[in-house]
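Remember, predicted model here, so these are calculated numbers, not experimental data. All chains are named by letter (A, B, ...) in the order of the sequence lines, taking the proteins before the strands, and each is independently numbered beginning at 1.
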Amino acid sequence: MTKFSDLKLDPKVLKAVAEAGYETPTPIQAGAIPHALEGKDVLGIAQTGTGKTASFTLPMITLLGRGRARARMPRSLVLCPTRELAAQVAENFDIYAKHTKLTKALLIGGVSFGEQDKLIDRGVDVLIATPGRLLDHFERGKLLLTGVQIMVVDEADRMLDMGFIPDIERIFQLTPFTRQTLFFSATMAPEIERITNTFLHAPAKIEVARQATTSETIEQRLIEFTPTRKDQTAKQKRELLRAVITAEGEACTNAILFCNRKTEVDIVAKSLKKYGFNASPIHGDLDQRQRMQTLDGFRDGSIRFLVASDVAARGLDIPAVSHVFNFDVPSHAEDYVHRIGRTGRAGRKGVAVTIATPSDQKYLDAIEKLVERPLPRVAPPEGFALSEAAQKPARKDDDRKPRRGAEKTGRKDRRDRPVKPHGEEAAMTPVEVTKPVEQAAPQVEARDEVKADTRPEKDNRGRGDRKDNRRDHKDDRRGGRDDRVVGMGDHMPDFLTRSFKPKAEKADG
DNA sequence: AAAAAAC
């Protein structure tokens, strides 16, 4: 069997690979690396979890090993669909390039331009970016792509889903015709096929077997649940969810809980926290600093439950998740496969529990068709019964009427927001714990008045809301162009300050 | 009925 040492990688890369504890390349790595090292274009058809990232980072580092970057002209470019994926690729470079002098910059949205500009100006070997922010830099004239020798497109099918293909085409056209292209996609949709025909030259095609969709290591379960009141579906599902998690007990070391909507992610996370579960939300409306913090916390175990939108369904490298819970049935069957694929990795056993209501039937059918087997039905945990409170609307009388003054202030009606915890000790008895919500309801208004002014930012993420709360802070938008960075500290995630530290100084010497 | 990504 091929070993990494059999591949003609730079000894410095091999050293880093060995130090990271790897000996044997995965099929996509063994297939792609030799072609990439020969300078050929590569078309890799592979899912996440197949070792795709290293299959392009290792040869890139090797190929770039000689030569030096010039100001504003990166020598290579990696495009990723989401910020987290880009950050993850960047971390990979840190690991495998640690014995080299290569420099890199991570260009993603949600963080300030300043630091990114500085790195680009200095000259970087590797640019890792999401398409939007990359083009933004380009349009501001800060970046030239004419020096790109190697371009990587990661998760192209997802780029397609997200409408990035025009951006990708444009970026292709900004790079030299002579560049080497490494292109990865999980599927070959017609549009992807067209792109590869247009921009790849005689690529070596490496296809690795689709991960068994229902991997042997994932135990799938379906809990069919009929809410007693349609308007209380979400609330009742949350109660069921708590019962399911509790029933798993110690076996559930950590878990990702998927919801279909960002608002639902927030609600479920808050609700779980309220009941004493160590949970944090992650979705695209949270600011980048928070997204990274949450992900780091989840990786290092300080967060046990990650409540997520599909931003976390694919690609993110989150090792050793014991459970995946689908609070909502995903409306795209493929997402189901991606979601449950977050568990049962690397030979470990995993459990994926999906909660379905009758209205999910259509999606369920599609999922079972895709995975080519029925999902095993299981009963709700023994002894589970909906508390009375969960069957009643949150408030009785004026429940559907807008709150007084809500329209005038333009604020969203927040009555349905979960209320802060009132004593964790209630957490074990559903009937009891739901009471505080009702009791607390009258206080909500008062609390909201305070919150509206003191909450730092963000929370009010109604998109249609024309008022920009952050106007309050007009003074910390830097007044002039002086080079002091003011008020940016909050927006600088840790990972951006990590780079090839010892070498960065010498690079422009 | 959605999520993601640029300000």
Side-chain angles (χ1 to χ4, degrees), chain A residues 48 78-89 106-114 116-117 128-143 153-171 186 230-231 233-234 237 256-268 281-288 290-292 295 306-316 326-336 338-339 342 356-364 366-367 457-458 461-464 466 468 470-471 477-478 488 491:
Chain A
T48 42
V78 181
L79 293 171
C80 304
T82 68
R83 298 170 185 173
E84 275 76 13
L85 272 171
Q88 200 169 285
V89 170
L106 176 60
L107 304 190
I108 58 175
V111 294
S112 69
F113 281 92
Q116 298 179 355
D117 278 342
I128 302 156
T130 46
R133 182 53 76 97
L134 181 85
L135 286 172
D136 210 338
H137 277 281
F138 180 80
E139 277 155 14
R140 293 159 73 246
K142 296 286 184 181
L143 187 60
V153 179
D154 197 10
E155 307 240 343
D157 53 331
R158 203 168 170 201
M159 302 253 200
L160 175 67
D161 290 348
M162 292 164 70
F164 283 165
I165 293 300
D167 287 348
I168 298 298
E169 286 190 75
R170 184 160 166 232
I171 295 165
K230 248 197 173 149
D231 60 346
T233 303
K237 274 166 73 176
I256 307 180
L257 301 91
F258 286 104
C259 306
N260 287 358
R261 286 190 292 268
K262 292 181 280 197
T263 49
E264 198 70 43
V265 168
D266 284 330
I267 294 168
V268 170
I282 188 164
H283 59 68
D285 277 358
L286 298 173
D287 74 67
Q288 194 58 27
Q290 200 175 343
R291 282 162 67 167
M292 296 309 294
L295 220 44
L306 185 68
V307 188
S309 69
D310 280 313
V311 68
R314 307 194 206 181
L316 289 191
N326 284 316
F327 181 79
D328 293 314
V329 177
S331 51
H332 289 301
E334 293 222 340
D335 286 333
Y336 175 81
H338 289 295
R339 286 181 182 186
R342 310 313 305 179
T357 63
S359 57
D360 296 320
Q361 194 54 50
K362 186 167 61 161
Y363 304 118
L364 218 46
I367 289 167
E457 49 168 10
K458 266 316 177 203
R461 50 183 83 83
R463 279 268 156 100
R466 289 208 192 93
D468 184 346
R470 279 167 284 183
R471 285 282 170 261
R477 299 194 167 288
R478 55 259 129 225
M488 292 301 212
H491 302 287

Nearest-angstrom distance from the residue atom [atom1] of [X] to [atom2] of [N]:
X	N	atom1	atom2	value
A:D287	B:dA6	CG	P	14 Å
A:E264	B:dA3	CD	P	10 Å
A:D154	B:dA4	CG	C1'	15 Å
A:H283	B:dA4	NE2	P	7 Å
A:D157	B:dA4	CG	C1'	14 Å
A:F138	B:dC7	CZ	P	18 Å
A:L286	B:dA4	CG	P	9 Å
A:L79	B:dA5	CG	P	14 Å

- prompt: Does NZ or CZ of A:R133 come closer than 6.0 Å to the centre of the six-membered ring of A:F113, within 45° of the ring's axis?
  reply: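 Checked: cation-pi criterion met.
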Less than 3.5 Å apart, any donor N or O on the side chain of A:H283 or A:D266 sitting next to an acceptor on the other?
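The criterion, which ignores hydrogens and geometry beyond distance, is satisfied for A:D266 and A:H283.
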Options [options], nucleotide nearest the side-chain atoms of [X]:
X	options	result
A:Y363	B:dA6, B:dA5, B:dA1	B:dA1
A:F164	B:dA2, B:dA5, B:dA4	B:dA5
A:R133	B:dA5, B:dA3, B:dC7	B:dC7

Please find the pair of heavy atoms, one from A:I128 and one from A:A86, that lie closest to each other, and give the distance.
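Smallest heavy-atom distance, with atoms named: CG2-O, 3.4 Å.
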Next on the checklist: Using every non-hydrogen atom in the two residues, find where A:L286 and A:R291 come nearest and quote the distance to one decimal.
Outcome noted: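 Smallest heavy-atom distance, with atoms named: O-CD, 3.3 Å.
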According to a strict under-4.0 Å criterion, is [X] in side-chain N/O contact with OP1 or OP2 of [N]?
X	N	answer
A:T130	B:dA4	no
A:R83	B:dA6	yes
A:S309	B:dA2	no

Item to check | Sidechain N-carboxylate O distance under 4.0 Å for A:D328, A:R261 | outcome: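 Result for this pair is no, no salt bridge flagged.
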Applying a 4.0 Å non-hydrogen cut-off, can you work out what [X] is touching in the nucleic acid: base, sugar-phosphate, or nothing?
X	result
A:D136	base
A:P330	nothing
A:R291	sugar-phosphate

